[in-house]
Amino acid sequence: MEEKLKSLALVAGGTFVGAVSTLFLLKLLPRRILNQCNKKAIELNDTTIKCGVDLGNGNRGMDGLNLLADEIVSEQLTRNIQFFGLDSQEKELASSYWWTLTRHAVATRADVGIPKAECLKRHFSSIFPECQVDAKVLLYDVSTEEEILSGNPDFVLDCIDNIDTKVALLAACVRRGLKVLSATGAGARADPTRIRVADLRESTNDPLSRAVRHRLRKDHGIEGGIPVVFSLEKPKAKLLPFRGPSGEEDNPSDYQIVPGFRVRIIPVLGTIPAIFGQVMASYVVTLLAGLDVQTEPVVNLDVDHYQTLLQRLIEHEESLYGTDMQVQVDVEEVRYIVKELWHGRSARELSAKDVGRGMWRSVNELMLVRWDQAKPASVSNLVLLKFKEADEHEQRSLDDIKENEPEFFNRVTSMLKRAEQDFGL
């Protein structure tokens with residue numbers, strides 16, 4: 001129990017650091033007055049670090065210097081400049097009164113040159129000295145697999161962005177039976193409300209997920225079963241062209257420190273990777289604590305699809321029973337049933353087969369029918385099935401299903417019991 005508490009504290013501590021550090025805002029200062037700022041009293045609260053130096057006019061310091069011309073400031077904001085473009089950064093963001101400190105959530109300028117693992121260990125230890133952090137400055141590959149994954153960790157959090165390494169790590173976790181949560185592409189996104197957790201098979205609009213999914217299936221026979229954090233938002237930018245010392249486009253592989261090491265970069269809005277990290281931390285903490293959290297299903301249907309399913313239910317009730325008087329749901333409740341209970345697919349499908357636009361087409365083969373024909377078509381008595389499955393279901397009794405398909409019976413009744421609880425029935 002003691003070890004488990006330490007593990008939970010470590011992850012929670014990371015969440016706190018990520019959240020607070022992401023929200024810490026610091027005025028951009030020319031280097032010559034930065035030390036002056038650091039010596040001044042710092043007022044700290046939940047959202048800001050304030051330094052008592054006035055920037056003066058726009059994004060120029062007190063002496064009129066353009067801050068983005070400063071080599072350190074420019075490097076510190078490289079990913080933001082790549083994301084927004086230099087003009088937007090200068091005119092809209094750097095000229096604002098506050099802006100974010102760094103693209104590494106807990107780093108300061110004093111940490112430049114220090115490996116991230118060591119930097120994070122130092123910060124975690126300062127927050128909760130009792131935690132045990134084993135920081136390893138290692139690249140994951142076959143030769144380091146045993147050192148990194150030995151000891152049966154409670155959870156592995158994959159934050160790798162190199163496809164070969166990512167696939168190798170995920171395959172190793174599956175082979176070893178380790179719980180793993182994988183972060184996919186956070187780069188070139190700007191909308192935090194579209195971040196989701198789902199099975200790798202259900203991720204959409206993410207080139208990294210698509211490549212990893214293909215490689216896992218092709219090279220390791222792994223179809224899914226790996227939870228991932230991803231964004232439904234389409235990337236707003238692509239990998240930047242690589243330019244060598246001469247400023248001309250060059251072959252990135254010629255500059256790799258080690259084989260497979262990524263050289264080209266994608267523009268990143270610094271807040272998004274930090275939110276990915278918070279989502280991952282929350283997922284792991286709640287799972288280790290045994291708290292049942294229902295993540296939002298990835299169902300990209302619109303109101304017309306739900307209206308179609310409702311109308312199909314009404315017509316089916318009229319055809320089968322001669323009236324639609326027993327239909328006790330509206331389009332919002334249909335949305336709940338289809339999205340929250342059945343995740344936009346047949347109740348007989350354990351995993352997603354149709355995602356993205358494929359899910360739109362699949363609606364043409366689905367319908368809502370009563371689970372128990374003796375009860376009304378209510379939110380706690382409707383199951384989503386394909387047409388043929390619905391016909392077969394209505395030819396059988398619940399006792400027959402319970403006896404011959406106990407797993408399916410228990411899964412459906414569990415879902416319908418959840419609907420009862422959610423609606424206070």
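- Rounding to the nearest 0.5 angstrom, the gap separating the OH atom in Tyr336 from the CH2 atom in Trp342 is 10.0 Å.
- Residues that satisfy the side chain to side chain donor-acceptor pair (under 3.5 Å) test with Gln307, not counting sequence neighbours, are absent from this structure.
- Remark: Ser346 pairs with Arg348, Glu349, Leu366, Leu385, Lys386, Glu389 by the side chain to side chain contact (heavy atoms under 4.5 Å, CB included) rule, at least two apart or across chains.
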**Study point:** Worked check of side-chain contact (heavy atoms from CB on, under 4.5 Å) between Asp158 and Lys166
**Key:** CA-CA 7 Å; Asp158 159 42; Lys166 195 177 195 73; 2.8 Å; yes
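- Between Leu382 and Leu416 the shortest side-chain heavy-atom distance does not fall below 4.5 Å.
- Remark: the backbone N or O of Glu233 is paired with a side-chain donor or acceptor of Arg189 at under 3.5 angstrom.
- Asp391 has no carboxylate O lying under 4.0 Å from a charged side-chain N of Lys388, or vice versa, which leaves the two without a salt bridge.
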Practice item. Go through the steps to decide whether Glu223 and Arg201 satisfy the test salt bridge (charged side-chain N to carboxylate O under 4.0 Å, His left out), and finish with yes or no. Key: CA-CA 7 Å; Glu223 293 288 341; Arg201 289 170 290 202; over 6 Å; no
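- Going from atom CG of Leu170 over to atom OG of Ser182 covers 4.5 Å, rounded to the nearest 0.5 Å.
- The side-chain heavy atoms of Leu288 and Tyr283, taken from C-beta on, include no pair separated by under 4.5 Å.
- Here Lys121 pairs with nothing under the salt bridge (charged side-chain N to carboxylate O under 4.0 Å, His left out) rule; sequence neighbours left out.
- When all heavy atoms of Ile160 and Asn162 are compared, the closest pair comes out as CG2-N, 3.4 Å.
- With hydrogens and angles disregarded, a donor-acceptor distance shorter than 3.5 Å links the side chain of Thr308 to the backbone of Asp304.
- Between Asp199 and Ile226 the shortest side-chain heavy-atom distance does not fall below 4.5 Å.
- In this structure, the side chain of Arg213 engages the main chain of Leu200 through a donor-acceptor pair within 3.5 Å.
- With Asn381 contributing its side chain and Asp372 its backbone, the two residues share a donor-acceptor pair below 3.5 Å.
- Residues forming a ring-ring contact (aromatic ring centres under 6.0 Å, His included) with Phe387 (at least two apart in sequence, or on another chain): none.
- Partners of Asp141 according to the side chain to side chain contact (heavy atoms under 4.5 Å, CB included) rule, which considers only residues two or more places apart in sequence or in another chain, are Ser143, Thr144.
- Between atom CZ of residue Arg370 and atom NE2 of residue His393 there is a gap of 10.5 Å, rounded to the nearest 0.5 Å.
- Judged as a salt bridge (charged side-chain N to carboxylate O under 4.0 Å, His left out), and not counting sequence neighbours, the contacts of Asp400 are Arg396.
- Qualifying side chain to side chain donor-acceptor pair (under 3.5 Å) partners for Lys417, counting only residues two or more places apart in sequence or in other chains: Glu420.
- Every residue was checked against the salt bridge (charged side-chain N to carboxylate O under 4.0 Å, His left out) condition with Lys375, not counting sequence neighbours, and none meets it.
- Applying the side chain to side chain contact (heavy atoms under 4.5 Å, CB included) criterion to Ala168, with sequence neighbours excluded, gives Tyr140.
- In this model, no donor atom of one side chain and acceptor atom of the other lie less than 3.5 Å apart for Asp399 and Ser397.
- Between Phe276 and Ser231 the shortest heavy-atom distance is CZ-N, 4.0 Å.
- A search for side chain to side chain donor-acceptor pair (under 3.5 Å) contacts involving Glu403 returns nothing, not counting sequence neighbours.
- You'll find the side chain of Ile195 stays beyond 4.5 Å of the side chain of Phe230, heavy atoms only.
- Considering only residues two or more places apart in sequence or on other chains, Arg418 meets the salt bridge (charged side-chain N to carboxylate O under 4.0 Å, His left out) condition with Glu340, Asp422.
- Residues Val228 and Leu181 have side chains not in contact (no heavy-atom distance under 4.5 Å, counting atoms from C-beta outward).
- Between atom CZ of residue Arg215 and atom CZ of residue Arg210 there is a gap of 15.0 Å, rounded to the nearest 0.5 Å.
- With contacts defined as side-chain heavy-atom distances shorter than 4.5 Å, the pair Thr184/Val229 does not qualify.
- Among residues two or more places apart in sequence or in another chain, the side chain to side chain contact (heavy atoms under 4.5 Å, CB included) test is passed with His214 by Arg217, Lys218.
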